[in-house]
Amino acid sequence: MQIENLAIAIDSVWIMLCAILVIFMQAGFVLLEAGSARMKNAGHIAGKQLLSFSIVALAFWAVGYGLTFSEGAFIGIGGWFLDFPVEEGAVPTEILFLFQLSFVAVSLAIAWGGFAERAKLSVYIIFGILYTVVIYPVVGHWVWGPDGWLHALGKQDFAGSTVVHLQGGIAALVATMMLKPRLGKFNKDGTPNLIPGHNQVYSVLGVLIIWLGWFGFNPGSTLTAQDGFFGYVALTTNLAAAAGAIAAMITIRMLVGKAEIPTILNGVLAALVAITAACAFVEPWAAIIIGAIAGSLTVFTAIYFEKKGIDDPIFAFSVHGVAGIWGTLSTGLFASPRLVESVGVGKAGLFYGGGLTQLGVQALGVFVSATYVGVVTFMILWVLKKISGIRVSEEDELLGLDLSEHGGYGYPEQLSKAEMAKLSKKEGAL
């Protein structure tokens, strides 16, 4: 009994540590998104991220966790306020909740990339609540729930290329299309203008923090420290990320002649997104291929969508949506028989003689998940647009969301006299 209790204690501490690592990724998203945006919106972006995590924490505790992980055919039908039976010899529900909460918070942080620099603060609050209780739990239950129908089919998504990243990426795409481009992003002939972020060092530091947090994301999804398999998952995760950075650098240099730092950062993130589904199912050499393809692919898709008039400020859909699709499909190609047997989910991939079965399951999962998230996100934002609008006024957008939404500038020493006059005039009118 003492040995059993020690094993549970070790697993509990491991999962708690991983939850902290993934929660710390929120700091990475703050630096990445704020650094990639203009100075006049940096304070708003940072504060919004803290508010977002607070909303998710309450909504997922009250409703979302139960909808995701309780029993039910289409969706969970119990477990409100973590009301789950206490199981002897199991990791406490409270620790499992904190770990899964960190995943939802990351998914919503991804979605916010499509809202950046032009959405109303009220939209963040309302959409954040609904995303946590109406959107995320449904796909999460299908893939990870005890009665999830995609789980029953053997869909392989070890740590969330579909559940976390594809959902966030699709929501970001719908949002950025409905909000329309930022002022000044496109010329009359449709050609794009560069709107550089205000602090590239912040963006690099943010990606490094996110990379570190991913060692909680993927290895933590083993949910045990007893067999050491988390070390293997950490290895494939790291190899993929490194390959993504190099592939993105080579690709952008071939296209424009320069090794652009933001593109390299996106290559790292895209590779991490892609390997998230596959990290426990593929051999190290396959992880490198998956990461390299994701890193290169995100360069081409980011350029393509911008040419099509889609203003995705931090390329959330290219990095998380497209790479999430590729990562999900990749196990249908590269899943190793020995690892599939060890994990106990799905079948071997096409390149190991497994045929098209697993690839078909993966493709089905991508299609239904993307369709559900896209439709529900559109419905929510359409209703909000009709009721109160989802975008700030032109005046507020030009002034910056730091001032228009919060009444204070993230960099007050940089506030010009003209902006001070505008702010004073606006406050006087109120």
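All residue numbers refer to positions in the sequence shown, counting from 1.
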Problem - Ring center gap for Phe103 and Phe99 short of 6.0 angstrom - result: yes

Problem - Phe334 ring center within less than 6.0 Å of Phe281 ring center - result: no

Practice task
List in chain and number order the residues that pass side chain to side chain contact (heavy atoms under 4.5 Å, CB included) with Ile195, two or more places apart in sequence or in another chain; answer none if no residue qualifies.
Solution key: Arg38, Arg182, Lys185

Practice task
Give every residue pair that meets the side-chain hydrogen bond (donor to acceptor under 3.5 Å, both in side chains) criterion with at least one member in residues 259-271, sequence neighbours excluded.
Solution key: Glu260-Thr263

Problem - Phe81/Trp61 aromatic ring centres below 6.0 Å - result: yes

Practice task
Using atom types as modelled and distance alone, determine if a side-chain donor or acceptor of Thr276 lies under 3.5 Å from a backbone N or O of Ser161.
Solution key: no

Practice task
Check whether the side chains of Tyr131 and Ser107 place a donor and an acceptor atom closer than 3.5 Å, and report yes or no.
Solution key: yes

Problem - CA sep, side-chain torsions, deciding dist, call: Phe217, Val106, side-chain contact (heavy atoms from CB on, under 4.5 Å) - result: CA-CA 10 Å; Phe217 215 108; Val106 166; 3.9 Å; yes

Practice task
Would you tell me whether Asp312 and Thr176 have side-chain atoms, one donor and one acceptor, within less than 3.5 Å of each other?
Solution key: no

Practice task
Please determine, by modelled atom types, if Ser203 and Ser36 share a side-chain donor-acceptor pair under 3.5 angstrom.
Solution key: yes

Handout entry: Neighbour count >12 (heavy atoms, 6.0 Å) for atom NZ, Lys120
Key = yes

Handout entry: Trp80 ring center within less than 6.0 Å of Tyr65 ring center
Key = no

Exercise for the section: Using distance alone, with no hydrogens and no angle criterion, decide if Lys155 and Thr162 have a side-chain donor and acceptor under 3.5 Å apart. Expected result: yes

Exercise for the section: Return yes when atom OH of Tyr124 has more than 12 non-hydrogen atoms of other residues, nucleotides or ligands closer than 6.0 Å, and no otherwise. Expected result: yes

Practice task
Answer whether the closest heavy-atom distance between the side chains of Val104 and Thr68 falls below 4.5 Å.
Solution key: no

Exercise for the section: Look at the rings of His320 and His165 and say which category their plane angle falls in: under 30° parallel, 30 to 60° tilted, over 60° perpendicular. Expected result: parallel

Exercise for the section: Determine whether the aromatic ring centres of Trp149 and Phe74 lie less than 6.0 Å apart. Expected result: no

Problem - No-hydrogen, no-angle side-chain donor-acceptor test under 3.5 Å, Gln358 and Thr331 - result: no

Exercise for the section: Please lay out, stage by stage, how Lys40 and Glu117 fare under the test salt bridge (Lys or Arg N to Asp or Glu O under 4.0 Å). Expected result: CA-CA 9 Å; Lys40 63 183 179 180; Glu117 297 202 287; over 6 Å; no

Practice task
State, with a plain yes or no, whether a side-chain heavy atom of Trp144 is found less than 4.5 Å away from one of Val163.
Solution key: yes

Fill in the blank from the handout: Arg338 meets the salt bridge (charged side-chain N to carboxylate O under 4.0 Å, His left out) criterion, sequence neighbours left out, with Glu283

Problem - Parallel, tilted or perpendicular: rings of Tyr409 and Tyr411 (30°, 60°) - result: perpendicular

Practice task
Compute whether any side-chain donor of one residue and acceptor of the other, for Trp14 and Thr224, lie under 3.5 angstrom apart.
Solution key: no

Handout entry: Side chain to side chain, Leu381 and Phe115, heavy atoms closer than 4.5 Å
Key = yes

Exercise for the section: Kindly state whether the ring of Tyr136 and the ring of His141 have centres lying under 6.0 angstrom apart. Expected result: no

Practice task
Check whether any side-chain heavy atom of Trp211 lies under 4.5 Å from a side-chain heavy atom of Leu272, and answer yes or no.
Solution key: yes

Exercise for the section: Spell out, as yes or no, whether a donor-acceptor pair under 3.5 Å connects the side chain of Gln26 to the backbone of Ala105. Expected result: yes

Handout entry: Between Asn193 and Asn187, a side-chain donor and acceptor under 3.5 Å
Key = yes

